[in-house]
S.K.: 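Here it is, the structure, as structure tokens.
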Amino acid sequence: MAESVETIERRGFPQIAGDPALDLVNTVSWRLNAQRRVEQLPRYTTLIRWSLQFGFIDETDAAALREQAAADPQTAGREIGRVIELREAIYRAAYEGGPTDSVARENAAALTEGHLERLGDSWRWAFPLDLSLPRRRIALAAVDLLTRDDLGLLRQCSDADCGWVFLDSSPRHNRRWCIASDCGNRNRVREHYERTRGVPAS
């Protein structure tokens, strides 16, 4: 029987990773615990909101993509599945040091579908405004991530279940937690309890 994964709908998505491709990886909560794992991209409309928040599309793109997803829900469903596959490939390649073939294929396909257009004093990749647009732009961001010269600063939250990843830009490069007020506080309380358990109060 297929493993059931809980899903949630967020109004906004945390931006704690230091790179948008890593923030995509963090759209899974409790990655390291199969019983607690939560999928934050349950449907294509959620992907639209995520892509808009992280600058992969603009409001005009988002409106067009909502219309297309409503008109063709099957294609939209397949597309969110492909984005999730790409997300997992990014995690395996960036954090686990796994193969990069899947990311490279998505990037090559995106470049084949796109073209360079002038934007002010610079150039940017432009793609057809269809349901694959977020995935195309995520594929470019994934390669940008993997070719960063500071990827050695990639860390994973020290919580046993969390699994969120981030680039450690702290002055001493000793960041342990995805969010200090969340995983950090919870684990500090647990560690304090374990240290003091069974010790009589003074």
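For this chain, numbers begin at 1 and follow the sequence in order. Quick caveat, the model's predicted, so the values are computed rather than measured.
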S.K.: Side-chain heavy atoms under 4.5 angstrom apart, residues restricted to Ile, Leu, Val, Met, Phe, Trp, Tyr: same cluster for L167 and I179?
M.R.: no

S.K.: Is there a chain of hydrophobic side chains (I, L, V, M, F, W, Y, each step under 4.5 Å between heavy atoms) that links L65 to L47?
M.R.: yes

S.K.: Specify the closest pair of heavy atoms between A139 and N107, including all atoms of both residues, with the distance to one decimal.
M.R.: O-OD1, 3.7 Å

S.K.: Are R87 and E39 ion-paired here, with the side-chain N under 4.0 Å from a carboxylate O?
M.R.: yes

S.K.: Atom OG1 in T112, atom CZ in R136: separation rounded to 0.5 Å?
M.R.: 8.5 Å

S.K.: Which word best sums up how the rings of F56 and W50 line up, parallel for under 30°, tilted for 30 to 60°, or perpendicular for over 60°?
M.R.: parallel

S.K.: Hey, any chance I84 and L22 share a hydrophobic cluster, counting ILVMFWY side chains that come within less than 4.5 Å of each other, even indirectly?
M.R.: yes

S.K.: Judged by modelled atom types alone, do S29 and Q40 share a side-chain donor-acceptor pair under 3.5 Å?
M.R.: yes

S.K.: To the nearest 0.5 Å, how far apart are SG in C178 and CD in Q156?
M.R.: 10.0 Å

S.K.: Going by the ring-ring contact (aromatic ring centres under 6.0 Å, His included) test, which pairs reach into residues 84-106, not counting sequence neighbours?
M.R.: Y91-Y95

S.K.: Looking only at heavy atoms, what is the nearest atom pair of A110 and L140, with distance?
M.R.: CB-CD2, 4.3 Å

S.K.: Any donor-acceptor pair under 3.5 Å linking the side chain of R175 with the backbone of W177?
M.R.: yes

S.K.: State, yes or no, whether a side-chain contact exists between Q15 and F54 at a heavy-atom distance under 4.5 Å.
M.R.: yes

S.K.: Regarding R49 and the six-membered ring of F13, is the cationic atom NZ or CZ under 6.0 Å from the ring centre and inside 45° of its axis?
M.R.: no

S.K.: Same cluster or not: L32 versus V28, using hydrophobic residues (I, L, V, M, F, W, Y) connected whenever any side-chain heavy atoms lie under 4.5 Å apart?
M.R.: no

S.K.: Any side-chain heavy atom of E59 within less than 4.5 Å of one from L52?
M.R.: yes

S.K.: Would you give the length of the straight line joining atom CD1 of I48 to atom CD of Q68, rounded to the nearest 0.5 angstrom?
M.R.: 9.0 Å

S.K.: Got a sec: does the CD of E96 have more than 12 other heavy atoms crowding it under 6.0 Å?
M.R.: yes

S.K.: Can you pull out every salt bridge (charged side-chain N to carboxylate O under 4.0 Å, His left out) where at least one residue sits in residues 12-30? Sequence neighbours excluded, please.
M.R.: D19-R148

S.K.: Do E113 and R135 sit within salt-bridge range, that is, some charged N less than 4.0 Å from a carboxylate O?
M.R.: no

S.K.: Do I90 and I138 come within less than 4.5 Å of each other through their side chains, counting heavy atoms only?
M.R.: yes

S.K.: Of all the heavy-atom pairs spanning L133 and F127, show the shortest one and how long it is.
M.R.: CD1-CB, 3.8 Å

S.K.: Check L154 against A94 and note the closest heavy-atom contact, atom names and distance.
M.R.: CD2-O, 3.3 Å

S.K.: Does the side chain of I57 come within less than 4.5 Å of R137's, by heavy atoms?
M.R.: yes

S.K.: So L41 and L24, do their side chains get closer than 4.5 Å, heavy atoms only?
M.R.: yes

S.K.: Please check: side-chain N/O of D159 versus main-chain N/O of C162, any donor-acceptor pairing under 3.5 Å?
M.R.: yes

S.K.: Run the salt-bridge test on D61 and R66 with the 4.0 Å N-O cut-off and return the result as yes or no.
M.R.: no

S.K.: Kindly state each residue pair satisfying side chain to side chain donor-acceptor pair (under 3.5 Å) with at least one member in residues 164-173, sequence neighbours excluded.
M.R.: D168-S170

S.K.: For the residue pair A142 and V103, what are the closest heavy atoms and their distance?
M.R.: CB-CG1, 3.7 Å

S.K.: Distance from E67 atom CD to D72 atom CG, nearest 0.5 Å?
M.R.: 13.5 Å

S.K.: Would you call E106 and R82 a side-chain contact if the rule is heavy atoms closer than 4.5 Å?
M.R.: yes

S.K.: Can you tell me how far the SG atom of C157 sits from the CD1 atom of I16, to the nearest 0.5 Å?
M.R.: 8.0 Å

S.K.: Please determine whether residues V25 and L153 belong to a single hydrophobic cluster, defined as Ile, Leu, Val, Met, Phe, Trp and Tyr linked transitively by side-chain heavy-atom distances below 4.5 Å.
M.R.: no

S.K.: So, R36 side chain and V38 main chain: donor-acceptor pair closer than 3.5 Å or not?
M.R.: no

S.K.: Within this structure, what is the OH-CD1 distance for the pair Y44 and I80, rounded to the nearest 0.5 Å?
M.R.: 8.0 Å

